[in-house]
Each structure stands twice: as structure tokens, then as C-alpha cells.
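Step one of this worksheet: look at the structure below.
Keep in mind that the numbers below use all heavy atoms, side chains included, and drop hydrogens, waters and symmetry copies. Atoms within a ligand are numbered from 1 in the order they appear, just like the ligands themselves.
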Amino acid sequence: MTLRSRFGKEMDDLAKGYTVSVPFDQRLYKQDIAGSIAHVRMLAKQGIISDKDAELIVMGLISIGEEIEQGRFEFKEELEDIHMNIEARLIEKIGDAGAKLHTARSRNDQVATDTRLFTKEAIAETVTRIKALQQVVLNQAEGNKSVVIPGYTHLQRAQPVLFAHHLLAYFEMFQRDVERFQQCFERADVLPLGSGALAGVPYPIDRDFVAKELGFSRVSANSLDAVSDRDFVIEYQAAASLTMMHLSRLAEEIVLWSTAEFGFIEIDDAFATGSSIMPQKKNADVAELARAKTGRVYGHLMAILTTMKALPLSYNRDLQEDKEGLFDSVDTILSTLEVFAAMMASVRVKAARFRQAAEESYTLATDIADYLVRKGIPLREAHAIVGRLVRYATETAKTLYDLDLGEYKRFCPGFENDVKSITVESSLAARSALGGTAPEQVEKALAAARRTLHGT
Ligand code: ARG
């Protein structure tokens, strides 16, 4: 079965090698067989082929699936793609009946259907793994509820925050990622089969029946669009890029925090690597690779966007280029989420070191300025006073705790003894507006996160 009756000669070997897709699209064999079985059942139900032929075809397809699973199937490059490989094998196995499988169908609506089935499964698995990572993030937040860290802006210590608050920021990002993938699922959940090559099919088919058999909630409304649209691949790549971007930010913090310079966390030995020459090294390679693999997923997004750009309707062979990037992004994001969750669960938090960093380096300066504001000093003036105070403290190598009231008063007579009651705890507690780091707000946020994951 080579589809070359129209041609006067064989295909050039170079052209053959260049256009073949079976080395990678064989990954769609399950979806392809499921799609064919649903199609054939519909053809028989509609009286387009006989029940007997349909039965033979279904049995043949099931046994081809087993051959592939057991590694007994011989993929032939001269048969171009997974669709023709399976169809040719079917005809080889059952003869004439097999030659009826492709009635009222084209590879164009077939491959669009297979790719949508694959993407829907990939989305479901991606969501499951994001949720598993969210659970680990939540566990670390709950297990380190009272740990205080210096919050950063510009990677400079800024204001104290609870470690749990910091981790819950990632929980929020991953929650938006879950929602994005779920929305992507809704748009991928549309059956193209029944669109034919581009114009529809001249048979009395029942598309709703096929949709139900394959678990699609809707059928496509326009045949040209259905065979040529790959928005759903782009959306998967875009959602995957965002999740990888979020992972890369967390990865970067893991790398930084586990350095001697920060010293905030320790990654378990099982998730660290050594150096080939420096025996003392303990490297956060898992986090580094997660950070790096973000780049290849972005690359796949850019590739499919560019492939689709200015493509005329309807199907063009260009669309075959949707698959390798999609497969690689799915593999990359799934493996990254899995190993990242395991690595995150192993992280040990050095609470004392975190706290020391939160207390030193003037992270309470804003609170002192707010203190002056409450004493009636305009904010801009208070800001300038505390700026001078901090400069004095740095020049005399003191922390704000070391300064006595006399020193405070030199900068503003409004300072009173109660300035000494400004602490990390008072700073945290003061930020009790919704979304802030006050322990009571963080408790609420933890409860909300639990409800998000478990609905309780
Ligand atoms: N391998 C092709 C793809 O992935 C299958 C569809 C081929 N259709 C065609 N008209 N050549 O897009």
C-alpha cells in the first residue's frame, strides 16, 4: 500500500527520508487505533459497511495494538506514517475488509483526532502532576509554619515574611497553571473526525456517536478549520511554558538558598550531585536542569507558532511538525514536575539561619518609618529620617536593635521607648490585610490551599 498509482516512478530516497513521520508519530498508535475502532463502529451502525466487516476490522485493530505493545510490529518507513502503517498491516491481516477502514475518512481528520486525543491525555497527566507538586509545596509550608525569612525585592533583603507565605506564592502560580491547562482541555476536547480531507464527507455518518465513543464533548463545526487547526497544541505549549517559567523561578531560589552564601536550606543528598574534582561540592543539579529545560519548552512554543504563521487553509504538510515539539514538551514538563516534587519534599529548612537573615540587615526599617507616621510625621519625612538612621547604623556597624533611644532621638525627637517593641513578629503581625504575611492571614491561606487541593 504505497498510494503511488498516480505516479510514474518511485519516490526519491531523500524525499522519502525527509517526509517520513513514523519514527515519531508511532507514539500515537493507541489514539490512532481507538479512533479507527470508533470510526468503524459508526460506519457499521450507519450501514456504510457491513457488521461483519466492522467486526473483522475491530478485531484486527485490537491485535495490531497488541503487536505494537509487545514489540512485534514492524514499522515501515516506506509507509510514511503511523496511520498508513496500521492500515497496511490491517489489510495484510484481514484482506478486503481492512481496505474499507478508511471509508469516509482522510488522514487529515484522522491525525487531527489522534493529536487531540493525545493532548487531552497529556493535559490530564500534567494537571495531576502540578497538583502533586502543589501538595508538596503546601506540606513544606505547613511543616515550617513559624519560619521567618527575609522577603526580597531586587534580591535585596526587604521585609520579613513567613516562609509559608513565600511558598504559597508558588501555590498560587501553580493553581493558575492548573486552570490554564483545564481551559486548554476544553478547547482540545472537540472531535475533528468526520471532516474528511477538508470539505466534509459524502456519507451519512454519525459524528456525535464517534465523539461519544472517543470521549469528546463536542464535534467540530467547520471541516476546514477542523483539519488545519492546531491552536490546541499552541495552547498546550503556552501553558507548559508558563508552568516551566514558574518552576524555573522556584528552581532558581532552591539553587540560591542552598548555597553557602544564603545557607537557608539543605537539599537531601539523594537529590544532589557531586563534582568530578572538588570533593566538597554538593550541587543542586535537579533544580538547575529544571531551570534550564524551561528553555526547550519555550523553543517548542516558538517553533509551533512559527510553523502555523501564515499557513493557508486547510491541511498542509507543515502541520506534521506539530508533533515532535509537543511530545518533547510533554515529556519535559512531566519529568520535571515529578522529580521537582520529590526534590522539594526532601528539602530541609534551616530556620535559625533564615531568621538571622530576616533580623539583620535592617528589614524592619519600613516598620520604623510606619511607626513615625503613626506619631504624626508625614510618610516622606519619616522615610528620610529612617534612611539617615540606617546609614548611621551601617557606618557604626550596628543593627537597629543595637541602637539606644538616645541614638534614635538624634534623628527624630518623636522616637519613644516603644520603638524598641518593633520586632520581626510585630512586623509580620501588622501585615494583616487580606493577602499579607500576618500569621493569621497565612493560616487562612493555608486552609484555602487545602480546600483547593482537596475540596474540604
Ligand atoms: N503524517 C501526517 C501529519 O502528521 C499525517 C497526515 C498526512 N496527510 C496528508 N495529506 N499527507 O500531518
Please list the nearest protein heavy atom to [atom] with its residue and the distance rounded to 0.1 Å.
{"atom": "atom 1 (N) of ligand 1", "value": "Gln320 OE1, 2.8 Å"}
{"atom": "atom 11 (N) of ligand 1", "value": "Arg107 NH2, 3.7 Å"}
{"atom": "atom 5 (C) of ligand 1", "value": "Asp81 OD2, 3.5 Å"}

Problem set entry | Six-ring centre of Phe209, Arg41 cation under 6.0 angstrom, axis tolerance 45° |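 So Arg41 doesn't make the cation-pi contact.
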Problem set entry | Stacked cation flag Arg116 on Phe232, 6.0 angstrom / 45 deg | yes
Determine whether a donor-acceptor pair (N or O, by modelled atom type, separation under 3.5 Å) exists between the side chain of [X] and the backbone of [Y].
{"X": "Thr294", "Y": "Met244", "answer": "yes"}
{"X": "Thr113", "Y": "Leu193", "answer": "yes"}
{"X": "Arg431", "Y": "Ser427", "answer": "yes"}

Exercise. Using a heavy-atom cut-off of under 4.0 Å, does the side chain or the backbone of Asn108 touch ligand 1, or both, or neither?
Worked result: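 Just the side chain.
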Exercise. Quick one: does ligand 1 sit under 4.0 Å from the side chain of Glu80, the backbone, both or neither, non-hydrogen atoms only?
Worked result: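 Neither; no heavy atom under 4.0 Å.
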For this session: Within a distance under 4.0 Å of any heavy atom of Lys323, pick out the atoms of ligand 1 and give their elements.
Result: 3 (C), 4 (O), 12 (O)
Exercise. What atoms of ligand 1 come closer than 4.0 angstrom to any heavy atom of Ser21?
Worked result: 1 (N)
Exercise. Glu235 and side-chain hydrogen bond (donor to acceptor under 3.5 Å, both in side chains): which partner among Gln183, Arg230, Arg187, Arg180?
Worked result: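 Checked Gln183, Arg230, Arg187, Arg180 against Glu235; only one passes side-chain hydrogen bond (donor to acceptor under 3.5 Å, both in side chains): Arg187.
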Exercise. Should Tyr315 be counted as touching ligand 1, given the test is an N or O pair under 3.5 Å?
Worked result: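 Min N/O separation from ligand 1 is below 3.5 Å for Tyr315.
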